[in-house]
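We name chains A, B, ... by the order of the sequence lines, and we start the count at 1 in each one. The basis for the numbers below is simple: all heavy atoms, side chains too, and nothing from hydrogens, waters or symmetry mates.
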Amino acid sequence: MTTRYNIKESEAKWRKAWVDQKCFEVKENADKEAYYVLAMLPYPSGRIHVGHVRNYSLSDVIARYRKAQGYNVLNPMGWDAFGLPAENAALERGAHPADWTYKNAAEMKEQLMSMGFAFDWSREIATCHPGYYKHEQKMFLDFLKNDLAYKKESTVNWDPVDNCVLANEQVVDGKGWRSGAPVEKRKLNQWFLKITDFAEDLLSGIKSLEGWPEKVRIMQENWIGKSQGLQFKWQVKGSDTEIDVYTTRPDTFFGASFIALAPDHPIAQKLASNKDGFDAFVKKANQMGTSEVDIEKAEKLGFDTGYKATHPLLPNKELPIYVANFILMDYGTGAIYGVPAHDQRDYDFAVKYNLPIQQVVETGEEIPSSSDGTIINSDFLNGLSVKDAKAEMIKRVEALGTGFGVTKYRLRDWGVSRQRYWGCPVPIIYCDDCGTVPVPENQLPVELPLDVTFDKPGNPLDHHPTWKQTTCPSCGKAATRETDTFDTFFESSWYQFRYCDPRNEKIGFEKAKSDYWAPIDQYIGGVEHAVLHLLYARFFTRALNKCGYTDIKEPFTALYTQGMVNHATYKDEAGNWLYPKDVMQSHNGAWVKVSDQSPVTQGRVIKMSKSKRNTIDPQDILDTYGSDAARLFILSDSPPDRDLEWTEAGLEGAWRYINRLYRMVVEANINISDHVSADPEDIKSIDKEMRSLTHQTIKAVGDDIEKFHMNKAVARIREFSNKIEEELDDLTPWVLSEAVERLIQLLAPFTPHLAEELWHSIGHLTLLADQPWPKYEETLFETGEVTIAVQVNGKMRATITYPKDADKATIEKIALSAENVIRFTEGQQIRKVIVIPDRIVNVVVG
RNA sequence: GCGGGUGUGGCGGAAUCGGUAGACGCGCCGGAUUCAAAAUCCGGUGUCGCAAGACGUGUCGGUUCGAGUCCGACCAUCCGUACCA
């Protein structure tokens, strides 16, 4: 008779037990060390996808492992509930964003719960709930008071047909995604947070983030982009105008051949607004998205103002002043000088407009080259290195009094205004007499009205009949509300603190509680958040610091970035994308449609996306294979930081393994009562080997989990269980039962339901989820012998085995007498023998 | 364009430090069991070769007794690029 594991019944039983016994609900407890593991909160898009399963399987392993180690583990979950997709759903199918969002969240919660993740659901949050965003409105007011928020003009993508602002992703090939109209740039007055106040602190703080991947630290460093440069004035010939120019390459000063201004630079307007063709040029420059990619990849165009600037150090040299579409008012001073010989972009520009190209750095490469070298053709800088020339140039210009050395950052202030409905209202009132007035704290939250319509383009808040009409808190006269809402990165910048005190109605979070849990010991999420979200959250924490909310400076002590989940794509004969569940392999291996057996072509393996229909619904997996199989597969094959290819075959493999383990343990009839006969002195050599493996595996799996090598941990566990299975009949019962009990404990973070089932099947009465992590004894690792390879001229020729602690001479002797080594050294002179004990022997002959 | 990552059998991957390349798994091949199949179990499986052996970690070059690992150049691909989240 075959023993069968009833996955559905068993998994449901243990999930219920964990919930009933509130296994994963936690409170502050001064006697226990806190461990805060956090997976990035999901956007409630509808149903969970495999990427979520991957993310939360990882946090679950960590949560269960740390709990077993004795920590008080906080592992919360919630919803990043504001954002564009809800408004798109409203436009496309008339669903109200609030209904749509809450319904999605409820559905996803049910799915996540059926995965058995060890979340503390009592702390669930939804960022679109007034009880949540009320506090961030208060934070914004505190930022205002502390001079961390201000208003200024900035550029947005404008759709002239739909009369609305477009997100960068809504601009497709320079056109609005819905209207198809060419996008225009438009200036709006918007709210900004002063992240640049913390540029230096955010930069230097990166050094302390030792638990972060190096790649993310480098990306943030580059994003902040600290540069030392020179800012100085150029005189416009025949005018009293001076142009402020910033450069990071003052060493190439003598190679300058033109000046370029941003199209919206005030001086550009002043010099060129009456010139023929300028308006057309500016118009064309404005017909480009605001994204950096668009700007950088667009054809570089210039408009010659006809004016010249006098070179400050070469009175006879005059440089033409251009207006150029690739110069941004937001960067530096909105004006540059071009050095074609040492910058690709300047070079292209100079060639196009026939401007002089003067090499001033001998780099040993063809121009244009921005490499290091020695300065030439540059008067007093000649012979200097690039570094020294920069310093010398700054010194000279400072002496002249026309400029100064200055540190600048690429980082720009964070624009938080969005002209959208489904976001947190900015708590500001505009009064004709009093100007910009913050909403008084006792009037918070400024709630989003739910009775809005989406029949007109633009922001529903703006055309709501009454919502924006209010009275001025300061003078009492009629006034209007700010109709912009916050960027959704606002919500995700502080939620890690809210989880510490999620139901507090008075304040965002109590300091004592956040001090107990925060900062986050392990944060886990996609690498696509490497810069923006993570940098904003780091800034926000500093801003909260300044406003007295917390003393914590860095919110995330350790970070792990997981890879994407990919899947093969399928197309039918007509070229339509097909879902994986609608295709199958026929007996000859060819892919066909399930419905009518018509041929299907398999395409590339790419990121799961609805448009390519290469998605897997985790619900189908749960229904067929259960939660453990899904988790085990997703954790076992690929290292978590790399992309994962989801395959049905891999999933089935995991499922088979689960059944096999169940059979092995149940059929072997193992019971913990066997432990009573334990006598370590009186055991066979196979028992010693098994104990050695058992204890080595405990160590290895723990080490692997801590390094996020989940795939290796699973491989270790499989090797371990393979060995147990192999020796099942030959092991002394207590050694076998020790091995099996440890195996079950090691499985717990990966396949918690199965582990719980087996734990009880061997005689335990309490939940495995509450048990401590097993200990190992290093003294049991020893086997007494060492096997290493012997090379001849670097090629592997033999392996030798010798007693541990043999000396070099002995090892050399054994190596040289190995049969195959003799064969390859015979008749040749042995020039050298390299012996690295316990690692390798290399015999060099010839 | 710029910044960052990745590249190893048919496939996912392993290889603490520069020291036996391919652990573990998927797939495939052969066998057992079965009336048959599924499931399960046993054996094999980098390529070429009867074998000895030769070759082999994206490409090209370098350092070393020894390179998947270090250095240089390149190619491919993915992520981000400030209003997707």
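- G56(B) and U8(B): their C1' atoms are spaced 10 Å apart (whole Å).
- A syn orientation is assigned to G9(B), its glycosidic angle lying within 90° of 0.
- Proximity note for Arg420(A) (side chain, C-beta onward) versus C83(B), A85(B), G53(B): the nearest is C83(B).
- A donor N or O paired with an acceptor N or O is found under 3.5 Å between the base of C83(B) and the side-chain atoms of Gln419(A).
- In terms of position along RNA chain B, the nucleotide closest to Glu645(A) lies nearer the 5' end than the nucleotide closest to the other residue of the pair Leu84(A) and Glu645(A).
- One P atom belongs to U45(B), the other to U81(B), and the distance between them is 48 Å to the nearest Å.
- With both pairing distances under 3.5 Å, C2(B) is matched to G80(B) as a Watson-Crick or G-U wobble pair.
- Distance Glu725(A) CD to C24(B) P: 14 Å, rounded to the nearest Å.
- Side-chain proximity of Glu296(A) to the nucleotides A82(B), G1(B), A14(B) is greatest for G1(B).
- With both ends at atom P, the span from U64(B) to A51(B) equals 37 Å, rounded to whole Å.
- The base of C65(B) is not paired with the side chain of Arg831(A) by any donor and acceptor separated by under 3.5 Å.
- Of the candidate nucleotides A21(B), C78(B), A82(B), A82(B) has the atom lying nearest to any side-chain atom of Arg410(A).
- In this structure, Ile834(A) reaches the bases: a heavy-atom distance under 4.0 Å links it to at least one base atom across the strands shown.
- One atom, CD1 of Ile195(A), and another, C1' of A82(B), lie 10 Å apart when rounded to the nearest Å.
- Taking every side-chain heavy atom of Tyr43(A) into account, A85(B) is the closest of G3(B), C84(B), A85(B).
- The two residues Thr787(A) and Thr801(A) have their closest heavy-atom pair at OG1-OG1, 3.0 Å.
- Residue Thr647(A) is out of contact with every strand shown, counting any heavy-atom pair closer than 4.0 Å.
- Atom CG of Asp641(A) is separated from atom P of C78(B) by 18 Å (rounded to the nearest Å).
- Nucleotides G27(B) and G72(B) are separated by 39 Å at their C1' atoms, to the nearest Å.
- Across all strands shown, Arg797(A) has heavy atoms under 4.0 Å from sugar-phosphate atoms exclusively, and none from any base.
- The nucleotide whose nearest atom lies closest to any side-chain atom of Phe489(A) is, among G25(B), G1(B), A85(B), A85(B).
- Distance, Gln828(A) CD to C65(B) P: 18 Å, rounded to whole Å.
- A cation-pi arrangement, defined by a distance under 6.0 Å to the six-membered ring centre and an angle within 45 degrees of its axis, is present between Lys152(A) and Phe192(A).
- A donor-acceptor contact under 3.5 Å links the side chain of Glu292(A) to the base of G1(B).
- Distance CD1 (Ile634(A)) to P (C26(B)): 17 Å, rounded to an integer number of Å.
- Summarising the base pairing, C11(B) is matched to G25(B) through a Watson-Crick or G-U wobble pair whose two defining distances lie under 3.5 Å.
- Picking from A52(B), A85(B), G12(B) the nucleotide with the shortest atom distance to the side chain of Ser638(A) gives G12(B).
- Contact annotation for Ser45(A): no contact, since no heavy-atom pair falls under 4.0 Å across all strands.
- Outside the 6.0 Å centre-distance limit, the rings of Phe486(A) and Tyr133(A) are not counted as a close aromatic pair.
- Along RNA chain B, the nucleotide nearest to Thr787(A) and the one nearest to Val527(A) differ in position, and the one closer to the 5' end is contacted by Thr787(A).
- In this structure, A54(B) and U47(B) make a Watson-Crick or G-U wobble pair, each of the two defining distances being under 3.5 angstrom.
- Looking at heavy-atom distances under 4.0 Å, Val293(A) makes contact with a base.
- When the nucleotides A85(B), A82(B), G1(B) are ranked by their closest atom to the side chain of Trp223(A), A82(B) comes out on top.
- Residue Pro213(A) is out of contact with every strand shown, counting any heavy-atom pair closer than 4.0 Å.
- Across the P atoms, C75(B) and C60(B) are found 15 Å apart, a figure rounded to whole Å.
- Of the candidates C26(B), U40(B), A82(B), U40(B) carries the atom nearest the Arg663(A) side chain, counting heavy atoms from C-beta on.
- Here the closest heavy-atom approach between residue Asp162(A) and residue Arg178(A) is recorded as OD2-CB, 3.7 Å.
- The shortest heavy-atom contact between Ser721(A) and Leu661(A) is CB-CD2, 3.8 Å.
- Among the atoms of the strands shown, none is found under 4.0 Å from any heavy atom of Asp484(A).
- Side-chain proximity of Ala649(A) to the nucleotides G7(B), G27(B), G3(B) is greatest for G27(B).
- Ring pair Trp646(A)/Phe633(A): centre-to-centre distance below 6.0 Å.
- The P atoms of A67(B) and A82(B) are separated by 45 Å, rounded to the nearest whole Å.
- The residue His529(A) sits close to a base: some heavy atom pair falls under 4.0 Å.
- In this structure, CD of Glu528(A) is placed 9 Å from C1' of G80(B), rounded to the nearest angstrom.
- Under the 6.0 Å cut-off for aromatic ring centres, Phe540(A) and Phe490(A) qualify, their centroids lying closer than that.
- Both distances falling under 3.5 Å, in either a Watson-Crick or a G-U wobble arrangement, place C41(B) opposite G31(B).
- Residue His709(A) contributes atom NE2, which lies 19 Å from atom P of G12(B) at whole-angstrom precision.
- For C83(B), the base has a donor-acceptor partner in the side chain of Gln190(A) [N/O atoms by modelled type, under 3.5 angstrom].
- Of the inter-residue distances, the one linking Gln562(A) atom CD with Ile524(A) atom CD1 reads 8.0 Å to the nearest 0.5 angstrom.
- Listed nucleotides: G25(B), A14(B), G1(B). Nearest to the side chain of Asn711(A): A14(B).
- A centroid separation of less than 6.0 Å is found between the aromatic rings of Tyr536(A) and Trp414(A).
- In this structure, A73(B) forms a base pair with U59(B), meeting either the Watson-Crick or the G-U wobble geometry with both donor-acceptor distances under 3.5 Å.
- Rounded to whole Å, the separation between the C1' atoms of G9(B) and A21(B) comes to 11 Å.
- Within the 4.0 angstrom heavy-atom criterion, base atoms lie near Leu411(A).
- Across all strands shown, Val216(A) has no heavy atoms under 4.0 Å from either base or sugar-phosphate atoms.
- If you check every strand for non-hydrogen atoms under 4.0 Å, Ile218(A) touches sugar and phosphate atoms only.
- For the pair Arg345(A) and Phe326(A), the cation-pi criterion (under 6.0 Å, within 45° of the ring axis) is not fulfilled.
- Base orientation of C17(B): syn (glycosidic angle within 90° of 0).
- Across A23(B) and U16(B), the matching P atoms stand 15 Å from one another, rounded to whole Å.
- A straight line from CG of Leu693(A) to P of C24(B) spans 12 Å, rounded to a whole angstrom.
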